[in-house]
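Here's the structure we're looking at; comments come further down.
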Amino acid sequence: MLKSTLLKAAQAGGGVLKSYFQGEFKISSKSSINDLVTEADLASEKAIIALIKEAFPDHFILSEEVGEIRMDSEYKWFIDPIDGTVNFANGIPICCVSIGVEKAGKMLMGAVYNPVLNEFFFAEKGAGATLNEKQIHVSSKAEVSNACLVTGFPYSYLDSPNGPLVVFERLIRKGIPVRRLGSAAIDLCWVASGRFDGFYEHNLQAWDSAAGSLIVEEAGGRVSDFEGDEYSPNKRQVLATNGKIHDEMIRWIKGTN
Ligand code: IPD
Ligand code: CA
Ligand code: CA
């Protein structure tokens, strides 16, 4: 029931995303000029929450646009109704719906659906990760010097000594390819499927990383904060890799390599 509700909810949100994609919709700014919310984000969120509430009216929900729907439950849903909204608003097909579910503080299931590219990623704790129902696995590269990485930048720049631009510059000055796709959930899934060897971002929200982090772990990868400590959706820093380059990536981020 939990799995079928998660799949249905991600499909419903994805259906909404696709129906608006490259069409006409209202766009407004949130915290800054490029932190956007569109009519489609709100419609996707509404469809997702309606399905979850119908099946599990007593579950806790945290969703980007409506915030918390507080319930006294050990189940908590993390919803990003459109991750990659700037891409979506520009007709760039790197956008998705991301939904994670945790039980008693541990991620249990995650779904990330990009309906434009027709890619549905799913993972369940202990049962592996899939892309369109086929098992996926992280890459096997063992060194950052030949890795292909991906990152993202927060809407307002974090002015810290090892901030996003500093780490980015450190890596690209050494000729290491670092891409910026604009959807953290997709970045994570592309690490899980071996397209990238690692992903890091300094300031993510729980709904950006909850589903994707489990998908990476279940695909054989490792997810942590920048200290190497256990991932939690409540942590802002996320480092996700194939596992093999993880410790080296921590040194690159800290500038101690
Ligand atoms: C954003 C994307 C982006 C990341 C930002 C997020 P949104 O989410 O995941 O890749 O760099 O930090 O806020 O606004 O498109 O849902
Ligand atoms: Ca997001
Ligand atoms: Ca979003």
Side-chain angles (χ1 to χ4, degrees), residues 5-21 25-53 56 59-71 73 75-90 92 94-102 107-116 120-121 152-156 158 181-189 199 201-215 223 231-238 240:
T5 303
L6 171 60
L7 298 182
K8 261 196 265 169
Q11 265 145 8
V16 172
L17 188 164
K18 200 168 178 191
S19 71
Y20 280 93
F21 190 71
F25 44 80
K26 259 192 259 143
I27 307 179
S28 7
S29 296
K30 297 197 284 184
S31 65
S32 64
I33 192 163
N34 282 316
D35 186 5
L36 308 177
V37 59
T38 73
E39 221 179 311
D41 295 75
L42 302 176
S44 166
E45 182 171 68
K46 205 169 159 192
I48 293 166
I49 292 179
L51 279 161
I52 297 169
K53 279 190 133 182
F56 301 109
H59 284 189
F60 194 121
I61 292 173
L62 171 64
S63 186
E64 180 170 12
E65 313 305 339
V66 296
E68 286 184 341
I69 302 175
R70 286 182 162 271
M71 290 288 170
S73 169
Y75 289 94
K76 185 168 177 182
W77 295 72
F78 298 94
I79 303 167
D80 195 336
I82 298 184
D83 187 51
T85 295
V86 174
N87 287 343
F88 171 79
N90 287 283
I92 298 167
I94 299 183
C95 44
C96 63
V97 171
S98 173
I99 310 176
V101 196
E102 70 169 30
M107 288 309 305
L108 198 63
M109 279 182 212
V112 172
Y113 180 32
N114 176 345
V116 190
F120 197 116
F121 294 88
F153 299 95
Y155 291 113
S156 33
L158 270 180
L181 300 187
S183 161
I186 290 179
D187 296 338
L188 286 161
C189 290
F199 161 73
E201 192 161 340
H202 287 69
N203 193 18
L204 288 175
Q205 299 293 331
W207 49 78
D208 297 313
S209 64
S213 66
L214 183 67
I215 294 170
V223 187
Y231 165 81
S232 151
N234 306 318
K235 290 185 179 174
R236 296 283 159 262
Q237 303 171 339
V238 176

Look only at the side chain of E201 and the backbone of V238, and say whether a donor-acceptor pair between them is shorter than 3.5 Å.
no

Can you give me the closest heavy-atom contact between F25 and A89, atom names plus distance?
CZ-CA, 3.9 Å

Is it the case that atom NZ in K18 sees more than 12 heavy atoms from other parts of the structure closer than 6.0 Å?
no

Decide yes or no for Y75 and E102: does some side-chain heavy atom of the first lie under 4.5 Å from some side-chain heavy atom of the second?
no

Determine, stepwise, if the pair L17 / V116 fulfils side-chain contact (heavy atoms from CB on, under 4.5 Å).
CA-CA 8 Å; L17 188 164; V116 190; 3.9 Å; yes

Check the pair I92, F21 against side-chain contact (heavy atoms from CB on, under 4.5 Å), reporting the backbone distance first and the verdict last.
CA-CA 9 Å; I92 298 167; F21 190 71; 5.9 Å; no

Any side-chain heavy atom of K46 sitting closer than 4.5 Å to one from L42?
no

Quick one: CD1 on I48 to NZ on K53, what's the gap to the nearest 0.5 Å?
14.0 Å

Y113 OH to L7 CG distance, which is reported to the nearest 0.5 Å
11.5 Å

Please report the shortest heavy-atom distance between S98 and D208, naming the atom on each side.
OG-O, 4.4 Å

Set out, in order, the CA-CA distance, both residues' side-chain angles and the distance that settles side-chain contact (heavy atoms from CB on, under 4.5 Å) for W207 and W77, then state yes or no.
CA-CA 9 Å; W207 49 78; W77 295 72; over 6 Å; no

Can you tell me how far the CD1 atom of I61 sits from the CZ atom of R70, to the nearest 0.5 Å?
13.5 Å

Roughly how far, to the nearest 0.5 Å, is CZ of F78 from OG of S213?
9.0 Å

Flag the pair E65 and K30 as a salt bridge only when some basic side-chain nitrogen lies within less than 4.0 angstrom of an acidic carboxylate oxygen.
yes

Quick one: pull up OG in S63 and CG in D80 and give me the separation to the nearest 0.5 Å.
7.5 Å

Search all heavy atoms of V112 against all heavy atoms of A211 and return the closest pair with its distance.
CG2-CB, 3.9 Å

side-chain contact (heavy atoms from CB on, under 4.5 Å) assessment of F88 paired with S183
CA-CA 10 Å; F88 171 79; S183 161; over 6 Å; no

Just wondering, do S44 and Y20 contact through their side chains at under 4.5 Å, heavy atoms?
no

Student check: side-chain heavy atoms of F153 and H202 closer than 4.5 Å:
no

Can you find a pair of side-chain heavy atoms, one from V97 and one from I82, that are under 4.5 Å apart?
no

Which atoms form the tightest heavy-atom contact between P233 and M107, and what is the distance?
CG-SD, 4.3 Å

Point-to-point distance, once rounded to the nearest 0.5 Å, from CG of L181 to CG of N87
8.0 Å

S73 side chain vs H59 backbone, donor-acceptor pair below 3.5 Å:
no

Are any of the side-chain heavy atoms of L6 and M109 separated by less than 4.5 Å?
yes

Distance-only, no hydrogens or angles: does the D83 side chain make a donor-acceptor pair with backbone N or O of A185 under 3.5 Å?
yes

Using modelled atom types only, decide if a donor and an acceptor are shared between the side chain of D41 and the backbone of T38 within a distance under 3.5 Å.
yes

Identify the two heavy atoms, one from G84 and one from C95, that lie closest to each other, and give their separation to 0.1 Å.
O-CB, 3.6 Å

How close do S31 and D35 get, counting heavy atoms only, and between which atoms?
OG-OD2, 2.7 Å

